[in-house]
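Worksheet for the structure shown next.
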2 protein chains.
Amino acid sequence: MISLRLLDVAIDRFGRHGFEGASTRDIARASGTAMSSITYHFGGKEGLYLAAAEHIGKAISERQAAPLAAARAAAEGPRRAAVEALLAVIDGFAQMMLADESAPWARFIMREQQAPTQAFERLWSGAMRPIAETCVRLVARARPDLDEREARATALLLFGQAMILRAGRASACRLLGLEALDAEAATLLRARIRANALCILSETPR
Amino acid sequence: MISLRLLDVAIDRFGRHGFEGASTRDIARASGTAMSSITYHFGGKEGLYLAAAEHIGKAISERQAAPLAAARAAAEGPRRAAVEALLAVIDGFAQMMLADESAPWARFIMREQQAPTQAFERLWSGAMRPIAETCVRLVARARPDLDEREARATALLLFGQAMILRAGRASACRLLGLEALDAEAATLLRARIRANALCILSETPR
DNA sequence: GTCTATACTACGATAGAC
DNA sequence: GTCTATCGTAGTATAGAC
């Protein structure tokens with residue numbers, strides 16, 4: 001499937017150089033095909049960009065499906081179970097942020113976060129919103145002292161801890177004195193994220 | 001000063017479209033000068049890019065100077081004072097992430113984080129490392145139960161909460177159901193960041 | 001210092017062969 | 001479906017006038 005190869009390369013190039021900076025010539029060449037294949041399969045540069053966003057959304061949804069299903073089930077259960085389910089979703093997200101696989105997706109999404117286009121809409125409703133809304137409900141279950149808006153803010157901030165592992169990757173490496181986030185660093189970071197999240201979610205109203 | 005105007009526009013364009021995507025023609029036009037001024041003042045597109053990074057580093061250092069000086073003083077004081085000083089630094093960072101002013105800087109830096117060039121080195125040693133290292137010492141003071149690596153990881157993750165306000169701006173708006181992060185949302189988010197950080201920093205060894 | 005003019009390269013889109 | 005060839009536009013760099 002040449003169109004799949006085009007999508008993979010496109011995600012890499014668009015993420016690395018942005019929509020305007022990426023070149024369809026280069027994407028086609030790196031995919032081992034002619035530039036006009038892009039016109040044929042996706043209608044043009046913009047069609048390829050939107051298809052790339054959709055492709056990322058599907059990949060994320062697939063990888064988060066398991067913890068998300070467990071989380072949905074736990075949203076109505078006891079508080080303790082809700083906390084554990086939320087910790088599992090956050091850890092799943094952290095693992096994704098740590099995995100090499102997510103680097104191209106993250107580059108792509110990060111650009112959309114700064115200046116959303118039509119592609120962000122597809123990413124949000126397809127992959128991100130289902131995860132986010134489930135987490136909001138779990139936070140509300142774990143922290144009944146928070147009102148709706150506070151619970152939403154808290155869910156967002158909990159993800160921030162994991163997101164910095166991608167969004168601030170270069171800083172993370174320098175601060176930890178590493179060339180790259182290896183398996184040992186990943187274990188350490190996941191443990192700290194879990195401890196911090198547990199601390200926040202266990203806080204009891206005074 | 002035409003060179004300052006060029007720098008401001010360059011930060012915006014490089015942040016928005018990336019190094020390759022931004023056009024020196026466009027930057028010069030929006031600065032009200034001829035393209036060859038860039039060659040004259042900065043030696044070319046790449047010189048302009050590096051100068052833009054340096055410019056951002058200086059702006060950040062200036063704005064974080066006050067809480068940073070207080071934090072340095074508190075690093076040797078009582079634990080309670082270290083916690084408060086660190087909360088102040090994090091809040092200063094959060095305010096910067098919330099301010100409209102930081103949007104162009106953030107776009108620029110975020111790109112460098114994903115694929116660091118020589119420009120990241122200047123940003124890191126000029127502005128980021130001084131802040132980060134001070135925070136590591138404060139975390140170590142607040143959480144003597146953590147070893148050096150754990151303290152470094154924790155300092156990083158604390159900043160993640162604030163960073164998502166920029167790095168995940170579009171998601172933050174959608175999750176909170178807002179068009180933009182207004183003053184009310186800013187107050188709410190800063191309060192939650194503070195509460196979460198306080199909770200993490202106050203955790204006592206069992 | 002700042003401009004105009006120009007040389008050269010690369011871009012995206014498209015037409016048409018196979 | 002995939003290719004080559006080509007069109008019009010826009011990119012950076014540079015030379016030289018003022």
Side-chain angles (χ1 to χ4, degrees), chain A residues 1-56 58 104 107-108 111-112 114-120 122, chain B residues 1-56 58 104 107-108 111-112 114-120 122:
Chain A
M1 269 317 244
I2 189 63
S3 60
L4 277 180
R5 174 102 185 102
L6 276 170
L7 278 178
D8 278 338
V9 176
I11 289 167
D12 181 78
R13 298 303 197 269
F14 283 134
R16 228 174 261 280
H17 310 296
F19 181 78
E20 297 90 349
S23 124
T24 53
R25 273 178 151 82
D26 175 57
I27 292 170
R29 195 182 327 118
S31 305
T33 185
M35 201 193 51
S36 47
S37 299
I38 292 173
T39 314
Y40 178 77
H41 284 288
F42 303 101
K45 192 182 192 183
E46 197 165 323
L48 177 61
Y49 188 78
L50 290 173
E54 206 112 26
H55 194 63
I56 293 172
K58 285 208 180 100
R107 280 189 287 262
F108 190 105
R111 278 172 200 273
E112 282 292 325
Q114 315 290 309
T117 70
Q118 203 185 331
F120 187 77
R122 305 198 184 189
Chain B
M1 273 313 247
I2 189 63
S3 59
L4 278 179
R5 175 103 186 99
L6 276 170
L7 279 177
D8 278 339
V9 176
I11 290 167
D12 180 78
R13 298 302 197 271
F14 283 134
R16 228 174 261 281
H17 310 295
F19 181 78
E20 298 88 349
S23 123
T24 52
R25 267 176 156 77
D26 174 56
I27 292 170
R29 196 182 327 118
S31 306
T33 185
M35 202 198 55
S36 46
S37 300
I38 292 173
T39 314
Y40 178 78
H41 284 288
F42 304 101
K45 192 183 191 181
E46 196 164 324
L48 177 60
Y49 188 78
L50 290 173
E54 206 114 24
H55 194 65
I56 292 172
K58 286 206 179 104
R107 278 188 288 260
F108 190 104
R111 278 170 200 271
E112 282 292 323
Q114 313 294 307
T117 70
Q118 204 184 330
F120 187 77
R122 305 199 185 190

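Per chain, numbering begins at 1; letters A, B, ... match sequence-line order. Hydrogens, waters and symmetry mates play no part in the numbers below; they use all other heavy atoms, side chains included. A quick note: this is a predicted structure, and the numbers were derived from the prediction, not measured.
- Taking both residues in full, the closest heavy atoms of L48(B) and L6(B) are given as CD1-O, 4.4 Å, listed atom of the first, atom of the second, then distance.
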Return all side-chain donor-acceptor pairs below 3.5 angstrom for residues 13-22 of chain B, not counting sequence neighbours, or 'none' if the list is empty.
residue: R13(B); atom: NE; partner: D26(B); partner atom: OD2; Å: 2.7
residue: R16(B); atom: NE; partner: D12(B); partner atom: OD1; Å: 3.4
residue: R16(B); atom: NE; partner: D12(B); partner atom: OD2; Å: 3.4
residue: R16(B); atom: NH2; partner: D12(B); partner atom: OD1; Å: 3.1
residue: H17(B); atom: ND1; partner: E20(A); partner atom: OE1; Å: 3.4
residue: H17(B); atom: ND1; partner: E20(A); partner atom: OE2; Å: 3.2
residue: E20(B); atom: OE1; partner: H17(A); partner atom: ND1; Å: 3.4
residue: E20(B); atom: OE2; partner: H17(A); partner atom: ND1; Å: 3.2

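- Of the listed nucleotides (dT14(C), dT6(D), dT2(C)), dT6(D) has the atom at the smallest distance from the side chain of R25(A).
- When all heavy atoms of I11(B) and A52(B) are compared, the pair lying nearest together is CG1-CB, 3.7 Å.
- Here salt bridge (Lys or Arg N to Asp or Glu O under 4.0 Å) pairs that include residues 39-52 of chain A, with residues two or more places apart or in two chains, number zero.
- For the atom pair CG of L7(A) and CD1 of I27(A), the computed distance is 10.0 Å after rounding to the nearest 0.5 Å.
- Taking CD of Q114(A) as the reference point, atom CZ of F108(B) lies at 13.0 Å (rounded to 0.5 Å).
- Less than 4.0 Å separates DNA chain D from at least one heavy atom of each of the following residues of residues 39-52 of chain A: Y40(A), H41(A).
- Listed pair T33(A) / dC3(D) meets the phosphate criterion, a side-chain N or O lying under 4.0 Å from OP1 or OP2.
- To the nearest 0.5 Å, atom NZ of residue K58(B) and atom CD1 of residue I56(B) are 12.0 Å apart.
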Distances for protein N or O near nucleotides 15-18 of chain C N or O, under 3.5 Å:
none

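- Each of T24(B) and A34(A) was assigned the nucleotide of DNA chain D with the nearest heavy atom; the assignment lying further toward the 5' end belongs to A34(A).
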Please list every donor-acceptor pair under 3.5 Å in which a side-chain atom of residues 35-44 of chain B meets a protein atom from a residue at least two apart or in another chain.
residue: S37(B); atom: OG; partner: T33(B); partner atom: OG1; Å: 2.7
residue: S37(B); atom: OG; partner: A34(B); partner atom: O; Å: 3.2

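- For the pair I38(B) CD1 and dA13(D) P, the computed distance is 9 Å after rounding to whole Å.
- Not counting sequence neighbours, the partners of E54(A) by the side-chain hydrogen bond (donor to acceptor under 3.5 Å, both in side chains) test are R122(A).
- Interface residues of residues 1-23 of chain B facing DNA chain D, ordered by number: A22(B), S23(B); criterion, heavy-atom separation under 4.0 Å.
- Residues passing the side-chain contact (heavy atoms from CB on, under 4.5 Å) test with A119(B) are Y49(B), L50(B), A53(B), E112(B), T117(B), sequence neighbours excluded.
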